[in-house]
Amino acid sequence: MTPRPARRATLGRVITILILLVLAAAMILGRPYLRRLQRATAPIRSERVVAHDILLQEMRDLARLHTLEYRYRTVFPFDYMPPEISLNALLARLRHEEGRYHELISIEERDYLAAYTLVDRHGIGSRNVGEFLVLDVVVSAGFAFDSSHYDIDRCDNDHYDHDPYPDEPPRTEVGAELLRLESSGPHPPQTAASVERATVTLPPAVITQVRIEDIDPERYPYPEIALTPQAYREIAEFVRERATTRVLGRGLLRQAELSGRQMIEQLLLDAGIERVEFAPAGEPLYTPQHH
Amino acid sequence: MLGAVLVFGVIAILGACEYRSERRSTHLRHRLETLFELHTAETVHRDIVYINERREVLLWRLLDTRVLFSVDYRVRAGLNLAEGVQVRRVPWRRAGLQVTLPPAKVLSVEIDESSIQQHLLRGRGRRLGWLEIAAELERVKDRVAEDAERYGLLQRAEANAAELARSVLTGAGFEQAEIRVRSTARPPLRSVRPAITGRIPEVGRL
């Protein structure tokens, strides 16, 4: 027979183990509730909810050959508000002098006022913090061949299951005028290698795209700036509107045309054509919208 | 003794002051680059973004910022002609050529900032920074591009490029030009209707 103290000790151990087991089970099963309790009673609580809902809106056809990309960095608002322009002097001139608005102030001063309006409206640097936003502007130039547009809403789904593009085949306005081939043999030439001379007529080079490169926070080394989406939109549009005039003076289109010619020439020479010539540029086929 | 105490005091004070110098640099970009990209198709995806940030200290709400806005992503696809265009003769066909184009790929996924429409802005405490918002937009770009591919953007870009090449060669007298595109593995296509009515939600709690 086991002595009484020894039995008590065994019973104590069993009870301890049972309590531990019950506690462990409670901790495992009640974990979500414990977390919720902990979150509700935590002295400092922080939560962020982010939701996205993305829908495909439309699919469009393009026909643009990009041959040159000019990329530059700009600082809003300081690039548009140089210290040598005085706001007070500018406003005084507008108040007291007679004449049309565009005659009284220069383009730089107009940009200054527009930038100042944006800064004031959106409270940028309102606490004398000196906030700024660094944006990369990308201007692409090349040749626009087409303006065809395809709206996915007009597409019949039943047809789409069999053929993704049933209703409208891609339309191009590039025809016989772009490339003319001459050979001493039969016409049309039998092969590219039998072509003696190719005459290429390219449309004039145009700005094919102007865009503000999206900010990737992981690679953006400057301080954060408090901006609403609306403020960002207005700043980006302000910068983009001034991008085209800024780069056109740098001979971008001429350079884009030259690059395009060199590439097309190389392509045709690689194809076996003996000589490539370029006819004077024709009328623009399409003036693209800047995006 | 006094000197030792002073020295010890100065060292202690200096040790308590933290001096941090962080240099972050980025390449200054101001460059001109030649390309040979043929953009032939694009998709536009609309995203409705909701961000709510809350912070409480001892049940006292210090921060509660909500912003709801919509924005378009543009996914552009086409051919990088610098990857090589092969032209071969087809001897058994009169005026026959075989042109092999590089496969189409997604050339850019960009936010169309002019499409931003701000629907709601409520806030107590600090305002959200643009970098925080941009980070959220950046996070979904890969999925937007993947989605565009599933709806046939690349196939469409290739079809358009082939049509353009055929148009040029036909005009030059090569009526029998055969345009091919170097094959590449693609995800299966989706039908269009679910894309318009469906949704791709992502709700994350941080």
Side-chain angles (χ1 to χ4, degrees), chain A residues 43-73 155 157 160-161 164-165 170 172 174-176 178-179 181 188 191-192 211-212 214-217 221 224-230 232-233 236-237 259 263 267 271, chain B residues 24 26 29-40 42-58 69 87 89 95 111 113 116 118 121 127 129-131 134-136 138 140 151-152 160 163-164 167-168 171-173 191-193 195 199-204 206:
Chain A
I44 300 170
R45 283 193 285 165
S46 191
E47 189 178 40
R48 172 179 275 201
V49 178
V50 182
H52 289 271
D53 190 357
I54 306 168
L55 299 172
L56 175 66
Q57 294 274 106
E58 63 178 319
M59 195 178 277
R60 296 173 182 163
D61 289 335
L62 302 171
R64 298 179 195 173
L65 180 64
H66 295 231
T67 59
L68 201 70
E69 191 177 86
Y70 176 66
R71 187 182 286 261
Y72 70 91
R73 185 162 282 182
C155 180
N157 191 41
Y160 226 94
D161 286 336
Y165 326 111
T172 57
V174 180
L178 186 69
L179 181 66
L181 302 175
T191 65
R211 63 182 172 88
I212 306 295
D214 299 336
I215 292 175
D216 182 355
E224 174 69 286
I225 175 170
L227 280 184
T228 62
Q230 179 63 28
Y232 178 75
R233 173 194 169 150
E237 283 182 341
S259 299
M263 288 165 183
L267 196 67
Chain B
R24 291 186 287 177
T26 179
R29 282 184 287 178
H30 183 87
R31 65 165 192 251
L32 205 58
E33 198 178 337
T34 52
L35 309 168
F36 205 20
E37 284 180 359
L38 186 64
H39 293 218
T40 50
E42 77 169 358
T43 50
V44 181
H45 305 250
R46 175 139 283 222
D47 185 8
I48 312 291
V49 187
Y50 174 72
I51 302 174
N52 177 207
E53 190 170 9
R54 278 175 287 181
R55 198 166 301 149
E56 285 178 10
V57 176
L58 295 171
F69 65 99
V87 183
R89 54 173 290 194
I111 295 162
E113 61 278 342
I116 292 175
Q118 187 176 291
L121 183 70
R127 287 187 294 172
W130 180 253
L131 295 187
E136 296 300 339
E138 205 65 28
V140 296
Y151 288 117
N160 286 358
E163 185 60 32
L164 189 67
S167 168
V168 171
S191 64
V192 170
R193 199 60 72 192
R199 66 194 189 91
I200 311 157
E202 181 198 82
V203 180
L206 301 174

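Here the structure is a predicted model, which is why all the values come from computation and not from measurement.
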Where does [X] contact chain A at under 4.5 Å (heavy atoms): side chain, backbone, both or neither?
{"X": "B/F36", "result": "both"}
{"X": "B/E33", "result": "both"}
{"X": "B/I51", "result": "both"}

At their closest point, which heavy atom of [X] faces which heavy atom of [Y], and how far apart are they?
{"X": "B/L121", "Y": "A/T228", "result": "CD2-CG2, 3.3 Å"}
{"X": "A/D216", "Y": "B/E138", "result": "OD1-CG, 4.1 Å"}
{"X": "B/Y151", "Y": "A/M59", "result": "O-CE, 3.3 Å"}

Quick one: does any side-chain atom of A/E224 pair with a main-chain N or O of B/W130 as donor and acceptor, under 3.5 Å?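 Checked: pair present.
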Could you check whether any side-chain N or O of A/D214 sits under 3.5 Å from a backbone N or O of B/I111, counting only pairs where one atom can act as donor and the other as acceptor?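 Yes, A/D214 side chain to B/I111 backbone: donor-acceptor pair under 3.5 Å.
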With chain A as the partner, which of B/H39, B/H45, B/Q118, B/R55 has the greatest number of non-hydrogen pairs under 4.5 Å?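 Of the options given, most contacts go to B/H39.
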Most heavy-atom pairs under 4.5 angstrom with chain A, which of B/V44, B/I48, B/V49, B/L38?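 Of the options given, most contacts go to B/V44.
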Determine, step by step, whether A/V49 and B/R54 satisfy the side chain to side chain contact (heavy atoms under 4.5 Å, CB included) criterion, reporting the C-alpha distance in whole Å, the side-chain angles of both residues, the deciding distance to 0.1 Å, and the verdict. CA-CA 9 Å; A/V49 178; B/R54 278 175 287 181; 4.2 Å; yes
Test item: B/T34 and A/M263 side chains (from C-beta on) under 4.5 Å apart, heavy atoms: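 The answer is yes; the side chains approach within 4.5 Å.
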Side chain, backbone, both or neither: which part of A/I215 has a heavy atom under 4.5 Å from chain B?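 Backbone plus side chain of A/I215, per the 4.5 Å heavy-atom cut-off to chain B.
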Toward chain B, the part of A/T67 with a non-hydrogen atom under 4.5 Å: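 Its backbone and side chain both get close to chain B.
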Test: B/E53 and A/R48 ion pair at under 4.0 Å: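 Yes, B/E53 and A/R48 are salt-bridged.
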Pairwise distance CD(A/E58) to CD(B/E42) - rounded to 0.5 angstrom: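 Answer rounded to 0.5 Å: 7.5 Å.
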Would A/L68 and B/L32 count as a side chain to side chain contact (heavy atoms under 4.5 Å, CB included) here? Give the steps. CA-CA 7 Å; A/L68 201 70; B/L32 205 58; 4.0 Å; yes
